[in-house]
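Computed from a predicted model, the values in this text were never measured in an experiment.
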Amino acid sequence: MSGRQAKVVTDSMLRKMLTHTRKSSHPMRDRVIVLLSCKAGLRACEIAGLEWPMLLDPKGRIGNLVVIEDRIAKRQSGRRIPLHPSLKGALSLLREEGCDGPVIRSSRGGAMKPNSIVNWFVELYHELNFEGCSSHSGRRTFITTAARSAHRAGGCLRDVQLLAGHRSLSMTQTYIDGDTDAQRRIVLMI
């Protein structure tokens, strides 16, 4: 896929991905991996580095934010991302399996490595026959969806940039997938 952008995950693809995780040997962990990518826009290194304290409120419960600390983010781009309800629910269920250390654990019990997360996505997309997808597809989906929804939430592309942890707005814009149907509707409105 060198030189090409990762394909955006559609709603039907996401449903298939989540259904597929139910059959895995680690169904709750795998569901959380998918949702951290698609509903929080995390990079593989951030998914691998995420620890429970980054998700907990002062009372020790799953809070309303994912706090990406600089030390796990690319280029020290830490940020705070509001938790999507489906991700919060999945995290609550996963927490019942263990509440210390890394959120995403390997089969051996330690934190999964970033490259293992990348390979996990490669295998998932291969099993589902989703061509053009990579570990970055969920992140690109999150950013594209956020950009398309920002105006309805009273936000703008700067808000999307902050959620993505990009230093420049131009970088955020490279992630946003175009929509030919929307382009047609825009032209018809002119």
Approximate separation, where rounding is to 0.5 Å, of [X] [atom1] and [Y] [atom2]:
X: Arg22; Y: Met28; atom1: CZ; atom2: CE; result: 10.5 Å
X: Leu35; Y: Ser86; atom1: CG; atom2: OG; result: 5.0 Å
X: Ser106; Y: Lys113; atom1: OG; atom2: NZ; result: 8.0 Å
X: Arg80; Y: Leu162; atom1: CZ; atom2: CG; result: 13.0 Å
X: Leu36; Y: His84; atom1: CG; atom2: NE2; result: 12.5 Å
X: Arg31; Y: Leu91; atom1: CZ; atom2: CG; result: 11.0 Å

Is [X] reaching over with its side chain to a backbone N or O of [Y], donor-acceptor style, under 3.5 angstrom?
X: Thr145; Y: Phe142; answer: no
X: Thr144; Y: Tyr175; answer: yes
X: Arg148; Y: Ile176; answer: no
X: Arg139; Y: Arg43; answer: no
X: Gln173; Y: Leu157; answer: no
X: Ser37; Y: Val34; answer: no

Side chain to side chain contact (heavy atoms under 4.5 Å, CB included), that's the test. Do Glu46 and Arg79 meet it? Break it down for me.
CA-CA 11 Å; Glu46 294 165 343; Arg79 61 204 181 279; 2.8 Å; yes
Nearest heavy atoms of [X] and [Y], plus distance in Å:
X: Ser137; Y: Gly132; value: OG-O, 4.3 Å
X: Ile81; Y: Ala40; value: CD1-O, 3.4 Å
X: Val32; Y: Ile104; value: CG1-CD1, 3.8 Å
X: Pro114; Y: Ala48; value: N-CB, 3.6 Å
X: Gly155; Y: Asp159; value: CA-OD2, 3.2 Å
X: Arg29; Y: Ser107; value: NH1-N, 4.2 Å

Please output the side-chain donor-acceptor pairs of residues 9-18 that fall under 3.5 Å, not counting sequence neighbours, one pair per line with the distance.
residue	atom	partner	partner atom	Å
Thr10	OG1	Met13	N	3.1

Indicate yes or no: at least one non-hydrogen side-chain atom of [X] is less than 4.5 angstrom from one of [Y].
X: His26; Y: Ile33; result: no
X: Leu55; Y: Arg95; result: no
X: Asp181; Y: Arg184; result: yes

One pair to check against side chain to side chain donor-acceptor pair (under 3.5 Å): Ser77 and His166. What are the steps and the verdict?
CA-CA 7 Å; Ser77 60; His166 288 147; over 6 Å; no
Examine Val8 and Val118 and state if one hydrophobic cluster contains both, with Ile, Leu, Val, Met, Phe, Trp and Tyr joined whenever side-chain heavy atoms are less than 4.5 Å apart.
no
N/O donor to acceptor pairs below 3.5 angstrom from side-chain atoms of residues 61-75, sequence neighbours left out:
residue	atom	partner	partner atom	Å
Arg61	NE	Asp57	OD2	3.4
Asn64	OD1	Lys88	NZ	2.7
Glu69	OE1	Arg71	NE	2.8
Glu69	OE1	Arg71	NH2	3.1
Asp70	OD1	Gly78	N	2.8
Arg71	NH2	Glu51	OE1	2.9

Which donor-acceptor pairs under 3.5 Å do the side chains of residues 119-131 make with protein atoms, sequence neighbours left out?
residue	atom	partner	partner atom	Å
Asn119	ND2	Asn115	O	3.3
Trp120	NE1	Asp30	OD1	3.4
Glu127	OE1	His20	NE2	2.5

